[in-house]
Amino acid sequence: MDIEESFNLAIRRMLRASGTHYVLHVALSSFGFIRGNPELMLFLQNSIKDLAQPLAGIVYPMRRGDQFVVLNGDAGPKIGEITDYIMAAALPERDPKSSEDQALVRVFLIPRDYTALREVANACMEVPAAKPGEAAAGAGAIRPIEEDLDGLLNAWALNRLEIALGEIDLSPYLRAQTVYETDHQGHWTPLFEECFTSLNDLRRDKFPKLTLQIEDRMFAELCRALDRRSVPEILRRHRAKPGHRHSLNVGLATCHAAFFEKFVRESSELERRTLVLEINRSDLLHRPREVVKTLASMREAGFATALDGITLDLLPFVNLHRLDVDYFKIALAPGQMSLLKDPDCVASLKRLPRSKIILCRCEKESALPVGQAFGLTKFQGWVIDRLASGAGGSHGS
């Protein structure tokens with residue numbers, strides 16, 4: 001799929017998103033002196049990419065030379081500066097008071113300007129009409145996603161996955177794993193049971209050739225698509241066991257989704273009080289203020305909260321001890337064990353309240369003594385399941 005189709009899908013995704021986006025249309029092809037000068041065209045296109053990168057913007061080049069730049073709503077204060085720079089680079093002798101050159105950069109605010117953006121994008125794409133019989137020949141020829149999806153997750157692949165997820169039974173991929181607390185004398189007490197969709201197993205079975213990058217925004221969108229399918233079922237199971245404590249991995253967007261807000265309104269105090277909402281650290285890094293605000297509102301509604309996905313290498317660079325949550329889930333990845341000897345990492349770890357730390361992904365026997373050395377009592381992982389089972393611990397919650 002080409003870049004223009006990717007942009008087409010990105011427009012639809014922006015319309016469905018809960019937040020706002022800015023889209024800049026840089027109409028380089030509208031100026032003959034730019035069209036006729038390949039070196040200038042390339043210089044301006046690269047300059048636009050350099051402007052967008054620090055703001056996590058995505059640039060979509062069109063075949064005629066135009067570019068669309070997609071920026072998150074928080075880039076609003078920079079929009080004027082960006083447009084001024086582009087105009088100064090392309091039209092250095094322009095009169096700032098003249099409106100004749102304003103056609104170079106046009107700014108759209110989505111969702112407000114969706115229709116206008118759609119019209120401009122359609123005009124730029126100029127997709128040729130299909131030849132007679134082509135459409136009919138292609139109908140029903142969609143390949144299985146395991147054959148269709150190869151390479152990095154992009155907008156087209158995500159759209160393909162969203163369609164496929166509507167036809168996949170996700171119940172075989174729903175998993176549960178208990179978080180335990182120990183007194184370090186061999187006694188294990190279950191705290192709550194984490195419920196989640198095994199993306200690793202789903203990928204292995206359905207799209208093994210697709211490469212997923214956890215910190216990429218497309219990965220967050222994929223998790224959101226999975227949430228729409230799996231979270232309602234997990235909530236249904238939670239309601240079927242009143243008083244049992246469960247945790248649920250949710251993205252920031254899911255907390256504001258209509259079906260989840262409906263659950264918050266209609267659920268009982270007991271159902272909320274026995275549910276822990278785990279938000280991944282990637283949401284915090286991308287949208288910190290909104291995450292803090294959402295976590296506060298969820299706690300006010302009666303939920304317990306957790307920050308998931310914390311790694312040892314992240315600890316020295318963020319002041320997580322300032323975050324008001326009930327639990328911090330820190331992954332004990334074997335490849336990062338050496339960081340426990342790093343003074344900055346250890347100092348950051350000790351700033352967190354020990355009673356709130358859950359050492360998760362404990363896959364080796366050494367996880368328990370490591371946790372004990374730091375005075376930790378809460379653990380999760382396959383090796384902990386074995387230890388708790390061997391000590392007579394329960395897997396229910």
Side-chain angles (χ1 to χ4, degrees), residues 1-10 12-13 16-17 58 60 137-177 193-234 237 247-254 278-283 285-286 308-311 313-314 329 331-336 360-364 380-383 385-386:
M1 181 188 65
D2 59 28
I3 296 297
E4 292 179 346
E5 288 183 76
S6 295
F7 180 58
N8 201 4
L9 295 173
R12 298 176 195 169
R13 198 168 307 286
R16 296 199 301 264
I58 302 175
Y60 295 90
I142 299 176
R143 295 179 295 176
I145 57 175
E146 60 266 25
E147 298 178 13
D148 214 18
L149 300 183
D150 192 352
L152 286 173
L153 177 65
N154 56 25
W156 177 83
L158 180 58
N159 187 70
R160 183 80 174 84
L161 277 174
E162 286 183 322
I163 295 172
L165 286 174
E167 302 173 356
I168 295 174
D169 179 13
L170 290 182
S171 57
Y173 300 98
L174 295 182
R175 303 284 185 267
Q177 188 173 56
E193 187 177 58
E194 178 186 357
C195 304
F196 58 96
T197 302
S198 176
L199 186 54
N200 287 335
D201 291 346
L202 184 63
R203 175 179 172 274
R204 179 200 63 212
D205 293 346
K206 302 298 183 182
F207 40 94
K209 297 180 181 179
L210 191 64
T211 301
L212 305 178
Q213 295 178 316
I214 294 177
E215 299 301 334
D216 187 75
R217 292 186 180 182
M218 287 293 102
F219 181 81
E221 286 289 328
L222 173 59
C223 291
R224 182 182 180 185
L226 283 171
D227 283 355
R228 286 196 292 266
R229 287 289 320 281
S230 61
V231 169
E233 171 60 19
I234 294 173
R237 297 184 184 187
S247 77
L248 178 64
N249 286 282
V250 290
L252 180 61
T254 300
E278 299 188 21
I279 292 185
N280 193 273
R281 62 94 184 266
S282 61
D283 277 323
L285 296 178
H286 286 146
D308 190 21
I310 305 170
T311 51
D313 59 349
L314 178 68
K329 298 189 72 175
L332 195 62
Q336 294 188 355
C360 63
R361 298 187 184 178
C362 299
E363 313 300 339
K364 293 189 175 182
Q380 182 186 30
W382 302 121
V383 70
D385 291 339
R386 292 198 298 269

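- In this structure, V231 and T197 have side chains that are not in contact, with every pair of non-hydrogen atoms separated by 4.5 Å or more.
- The minimum heavy-atom distance between G309 and R281, with the atom names listed, is O-CG, 3.1 Å.
- L161 is listed as a side-chain neighbour of L210, based on a closest heavy-atom distance under 4.5 Å.
- Atom CZ of R224 has more than 12 heavy atoms from other residues, nucleotides or ligands within 6.0 Å.
- Closest approach of F219 to Q213, counting heavy atoms only: CB-O, 3.2 Å.
- Side-chain contact between D227 and N249 is absent, with no heavy-atom pair separated by less than 4.5 Å.
- Under the rule for a side chain to side chain donor-acceptor pair (under 3.5 Å), the partners of Q177 that lie at least two apart in sequence or sit in another chain are D385.
- For the pair L174/C195, no side-chain contact is recorded, criterion being any heavy-atom separation below 4.5 Å from C-beta on.
- Take S198 and apply the side-chain contact (heavy atoms from CB on, under 4.5 Å) test, not counting sequence neighbours, and it matches R175, N200, D201.
- The distance from the CG atom of L153 to the CZ atom of R203 is 10.5 Å, given to the nearest 0.5 Å.
- A distance of 9.5 Å separates OG1 of T311 from CZ of R361, quoted to the nearest 0.5 Å.
- Between L170 and E233 the shortest side-chain heavy-atom distance does not fall below 4.5 Å.
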Hey, mind stepping through E194 and K329 against salt bridge (Lys or Arg N to Asp or Glu O under 4.0 Å) and telling me if it holds? CA-CA 12 Å; E194 178 186 357; K329 298 189 72 175; 2.9 Å; yes

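- Between Y173 and D205 the shortest side-chain heavy-atom distance falls below 4.5 Å.
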